[in-house]
Amino acid sequence: MQKPKNIRWLVKSPIHQKSPVATSFAPLCECVCFLGEVEHTVSPVLKTHTNLKMESDYGVPRELSDLQKNRSLYKPELPPCLQGTTVRVEFGDATAAADPSGAHAIARSFPHTYGQPLAHFFREKSTAANAQTINVHPAVRVGLVFCGRQSPGGHNVVWGLHEALKIHNPKSTLLGFLGGSEGLFAQKTLEITDYILATYKNQGGYDLLGRTKDQIRTTEQVNSAMAACKALKLDGLVIVGGVTSNTDAAQLAETFAEAKCSTKVVGVPVTLNGDLKNQFVEANVGFDTICKVNSQLISNVCTDALSAEKYYYFIRLMGRKASHVAVECTLQSHPNMVILAEEVAASKLTIFDITKQICDAVQARAEQDKNHGVILLPEGLIESIPEVYALLQEIHSLLRQGVSADKISTQLSPWASALFEFMPPFIRKQLLLHPESDDSAQLSQIETEKLLAELVEAEINKRLKEGTYKGKKFNAICHFFGYQARGSLPSKFDCDYAYVLGHICYHILAAGLNGYMATVTNLKSPSNKWRCGAAPITAMMTVKHYGRGSGSGATTLGKPVVHPATVDLRGKVYELLRQNATRFLLDDVYRNPGPLQFDGPGADSKAVSLCVEDLDYMGRIKELNEYLDKVRTIVKPGCSQDVLKAALSAMSSVTDILSVMTSQRLE
């Protein structure tokens with residue numbers, strides 16, 4: 001592989017004995033000292049469009065283990081519809097909002113990008129009658145930015161997009177923005193090449209480009225993003241992230257369209273939380289890996305609990321406000337108990353209700369001479385407890401008013417003050433942390449598992465003294481599985497899924513689409529049966545007109561956004577969980593899926609929740625259109641009266657049913 005020519009890069013930093021760049025790339029670097037600054041000639045690390053203070057070596061070839069080397073050689077297989085150099089695109093009907101009550105607000109906020117049609121991609125020899133072939137593939141310049149927390153598989157989006165660009169025109173260019181949205185605003189880029197990608201294919205993390213959790217939302221930020229796209233002459237901008245990032249992508253697309261900026265914006269569903277789910281998006285890149293890695297860790301703990309027979313493990317999992325990770329890990333590893341944030345919110349359970357629920361479970365197990373167990377908790381649980389949520393709102397309001405953390409306790413309302421003082425000192429300190437940019441609590445920093453372990457221990461000791469609990473002494477061990485999995489090597493599924501999404505991004509741009517998200521449906525089937533397409537991000541938006549106070553989510557009330565999808569308490573996944581709840585609690589049916597598998601048994605396994613849900617919305621839309629086309633073919637001038645009457649009767653019944661269903665959603 002040919003290496004790019006040396007690139008000169010000015011780094012303004014104090015002189016040090018050994019430059020990390022010069023040390024890592026001694027054969028490729030020159031180091032010249034002058035006036036307290038160091039000038040490096042670096043190859044092939046970075047190509048920037050602005051002087052950049054070196055904080056890390058973006059694009060530096062990684063030191064790979066034997067397993068990593070083996071994984072870097074793996075080449076995901078594209079679905080048939082994306083294979084070859086000719087791909088056809090078919091546009092469906094105009095899309096509408098999932099919730100009709102918000103349609104007017106969305107249309108008013110996004111006049112240029114709302115109501116766009118779905119796009120379906122087909123192979124060259126497809127029989128799709130209305131599919132168009134895109135024959136012209138000029139050289140294009142595309143930028144890509146990682147937004148939000150790193151998710152395993154993100155690098156394969158870059159790889160897939162880069163490969164698709166080069167397949168269709170070797171003169172096309174992919175620029176990665178360094179350091180996330182901040183790099184976008186500052187126009188700091190790295191030109192992606194085969195050489196740079198070599199040690200990042202099928203690897204975890206976001207260290208190829210760096211990441212950010214900042215939003216692209218303020219007028220200044222949006223204008224900076226537009227200025228960068230214009231200055232770099234970008235034909236497309238790909239935003240990789242979750243619900244917040246894709247909401248920002250939709251706003252950028254609308255603003256660009258209104259300003260007649262030629263850059264098209266595309267979103268990619270990548271988030272470990274698994275909460276960017278809707279009728280168009282079945283799964284998120286990273287979720288599969290996160291759940292498999294965590295499930296193995298949980299299973300190891302389950303085996304330890306069963307071996308020692310004297311510890312209760314309280315394990316908090318990532319996932320923000322939704323409990324998808326906790327649900328999936330429960331279905332994969334079979335711990336004794338899981339407390340879902342959605343259940344707590346729906347039933348308005350207090351912290352004392354939750355404590356009692358866990359204590360009752362501990363007591364029931366003790367009656368079977370089982371004095372051990374494993375309990376899973378989502379990190380969003382703390383905000384779902386009504387009284388704690390209200391306390392957080394008071395604290396956050398005072399923090400926004402400039403009240404210092406050490407004085408907040410004296411300015412709380414009487415009931416909030418009483419609850420605050422009831423909390424253990426370590427929790428009080430964590431509740432006083434400044435909220436996130438969306439006004440939600442810093443969930444990863446609040447040790448809910450330790451809080452509940454202390455409360456349960458106190459209640460069990462009380463029952464022990466009263467004689468109602470006759471088991472052994474209660475011993476708790478707490479864990480937070482928050483960062484152990486998100487830098488993991490991606491699972492085979494996430495490698496394949498991300499790579500395919502990268503290719504789809506190119507075809508979205510080649511079709512001239514703006515404000516779309518790359519989508520793949522029928523994901524529970526083998527990849528050769530995946531359906532590839534694109535959906536307008538505005539079709540995924542909803543408008544909430546009410547919320548729980550002035551804090552978390554209040555900034556989005558009345559505004560169209562892509563809201564995080566929570567666990568559906570009426571869905572098939574939750575039903576499966578409830579069906580097994582008693583068995584999991586009492587029978588110790590712990591299951592160990594083992595470490596990530598890349599070949600052999602288990603390599604092609606997919607998330608239980610993905611396989612259980614009856615999805616493939618895009619496929620059904622396509623199937624419905626085929627039926628409607630058949631009706632048009634059969635029922636046309638010249639058909640018999642009987643055929644016409646039968647069609648009218650059937651259509652009348654269908655429209656009556658659909659009208660009732662739609663009106664129920666509006667109420």
**Prompt:** Side chains of Glu342 and Ser323: donor-acceptor distance under 3.5 Å anywhere?
**Reply:** yes

Determine whether a donor-acceptor pair (N or O, by modelled atom type, separation under 3.5 Å) exists between the side chain of Ser151 and the backbone of Leu272.
yes

When rounded to the nearest 0.5 Å, the distance separating NZ of Lys407 from OG1 of Thr410 is 8.0 Å

Note to self: Between Glu254 and Thr113, do the side chains contain a donor N or O and an acceptor N or O under 3.5 Å apart?
What the structure shows: yes

Would you say the rings of His372 and Tyr311 are close, in the sense that their centroids are separated by under 6.0 Å? no

Separation between NE2 (His155) and CG (Leu209), nearest 0.5 Å, reads 6.5 Å

message = For a 4.5 angstrom cut-off between non-hydrogen side-chain atoms, does Asn294 reach Leu317?
response = yes

Practice prompt. Using a 4.5 Å cut-off on heavy atoms from C-beta on, say whether the side chain of Leu610 contacts that of Phe287.
Written response: no

Check: Can you check whether Phe314 and Phe480 have ring centres sitting under 6.0 Å from each other?
Finding: no

> What's the verdict on side-chain contact (heavy atoms from CB on, under 4.5 Å) for Cys329 and Val325, showing C-alpha distance, side-chain angles and the deciding distance?
Replying inline: CA-CA 6 Å; Cys329 289; Val325 174; 4.0 Å; yes

Nearest heavy-atom approach of Asn273 to Gly319 is OD1-CA, 3.3 Å

Exactly one of Asn278, Asn246, Val562, Leu501 clears side-chain contact (heavy atoms from CB on, under 4.5 Å) with Met517, and that residue is Asn246

- Task: Give a yes or no on this: more than 12 heavy atoms of other residues, nucleotides or ligands lie within 6.0 Å of atom CD of Glu421.
- Result: yes

- Are Pro152 and Leu489 close enough that some pair of their side-chain heavy atoms sits under 4.5 Å apart? no

Closest heavy-atom pair, Gly183 versus Phe177, reported as atoms and distance to 0.1 Å, is O-CD2, 3.7 Å

Interatomic distance, CG@Leu433 vs OG@Ser444, rounded to 0.5 Å, equals 9.0 Å

Any side-chain heavy atom of His479 sitting closer than 4.5 Å to one from Arg316? no

Does a side-chain heavy-atom distance below 4.5 Å link Ile315 with Val374? yes

Q) Is it the case that Gln221 and Gln215 place a side-chain donor and acceptor less than 3.5 Å from each other? A) no

Would you call Glu454 and Lys450 a salt bridge, using N to O less than 4.0 angstrom?
no

Rounded to the nearest 0.5 angstrom, the CG-SG distance for Asn336 and Cys302 is 6.5 Å

Closest non-hydrogen atoms of Ser384 and Ala341, given as atom of the first, atom of the second and distance, are OG-CB, 3.1 Å

Check your understanding: Could you walk me through whether Asn371 and Glu309 pass the side-chain contact (heavy atoms from CB on, under 4.5 Å) check?
Key -> CA-CA 6 Å; Asn371 298 286; Glu309 295 187 303; over 6 Å; no

Self-check item: Flag, side chain of Asn284 to backbone of Leu276, donor-acceptor distance under 3.5 Å
Solution: yes

- Would you call Asp353 and Lys348 a salt bridge, taking side-chain N to carboxylate O under 4.0 Å as the test? no

query: Backbone N or O of Ser409 within a donor-acceptor pair of the Gln411 side chain at under 3.5 Å?
result: no

ask   = Do the side-chain N and O atoms of Asp288 and Ser491 include a donor-acceptor pair separated by under 3.5 angstrom?
value = yes

**OP:** Apply side-chain contact (heavy atoms from CB on, under 4.5 Å) to the pair Ile239 and Leu144, showing each step before the final yes or no.
**Re:** CA-CA 6 Å; Ile239 294 179; Leu144 181 145; over 6 Å; no

Partner of Tyr313 under side-chain contact (heavy atoms from CB on, under 4.5 Å), picked from Leu376, Asp304, Asn475, is Asp304

- Query: Do side-chain atoms of Glu383 reach the backbone of Ala441 as a donor and acceptor pair under 3.5 angstrom?
  - Reply: yes

Checklist line | Check: Tyr200 main-chain N/O paired with Arg62 side-chain donor or acceptor under 3.5 Å | finding: no

For His324 and Asp275, the nearest pair of non-hydrogen atoms, with its separation, is CD2-CA, 3.9 Å

| Leu399 and Leu432, any side-chain heavy atoms less than 4.5 Å apart | no

Pair Glu328, Ser609: side-chain N/O donor-acceptor within cut-off below 3.5 Å: yes

*Any idea how Tyr312 and Phe474 line up, ring-wise: parallel (<30°), tilted (30 to 60°), or perpendicular (>60°)?*
parallel

Backbone of Gln430 reached by a side-chain donor or acceptor of Gln445 within 3.5 Å:
no

Problem - Under 3.5 Å side-chain donor-acceptor pair for Asn461 and Tyr469 - result: no

Taking the basic N atoms (NZ, or NE/NH1/NH2) and the acidic carboxylate oxygens, is any pair closer than 4.0 Å for Arg578 and Glu343?
yes

Donor-acceptor contact below 3.5 Å, side chain Ser397 vs main chain Gln393: no

Side chain to side chain, Gln357 and Met337, heavy atoms closer than 4.5 Å: yes

Checklist entry - For Glu220, does the CD atom have more than 12 heavy-atom neighbours from other residues, nucleotides or ligands under 6.0 Å away? => result no

Considering only NZ, NE, NH1 and NH2 on the basic side and carboxylate oxygens on the acidic side, decide whether Asp99 and Lys544 come within less than 4.0 Å. no

Check: Going by atom types alone, do Ser333 and Ser295 pair a side-chain donor with an acceptor below 3.5 Å?
Finding: no

Pro560 and Thr247 have their tightest heavy-atom pair at O-CG2, 4.4 Å

inquiry  = Please check if the number of heavy atoms outside Glu258 that lie under 6.0 Å from its CD is greater than 12.
reply    = no

Practice item. State, yes or no, whether a side-chain contact exists between Tyr58 and Leu208 at a heavy-atom distance under 4.5 Å. Key: no

If only atom types and distance count, is the side chain of Asn156 paired as donor or acceptor with the main-chain N or O of Asp494 below 3.5 Å? no

- Item | Test item: Thr303 side-chain N/O and Ser299 main-chain N/O as donor-acceptor pair under 3.5 Å | yes

Interatomic distance, OG1@Thr350 vs CD1@Ile385, rounded to 0.5 Å, equals 8.0 Å

Margin query: Using modelled atom types and a 3.5 Å cut-off, is there a donor and acceptor pairing between side-chain atoms of Thr468 and backbone atoms of Arg463?
Written below: yes

Taking every heavy atom of Glu394 against every heavy atom of Ser413, the minimum-distance pair comes out as OE2-OG, 2.6 Å

Under the side-chain contact (heavy atoms from CB on, under 4.5 Å) rule, what do Lys472 and Lys310 come out as? Steps first, then yes or no, please.
CA-CA 8 Å; Lys472 294 181 180 178; Lys310 60 180 180 179; over 6 Å; no

When rounded to the nearest 0.5 Å, the distance separating CG of Leu452 from CD1 of Ile375 is 8.5 Å

I'd like to know if the side chain of Gln251 pairs up with that of Arg217 as donor and acceptor (distance under 3.5 Å, no hydrogens or angles considered).
no

* State yes or no: are the ring centers of Phe584 and His334 separated by less than 6.0 Å? => yes

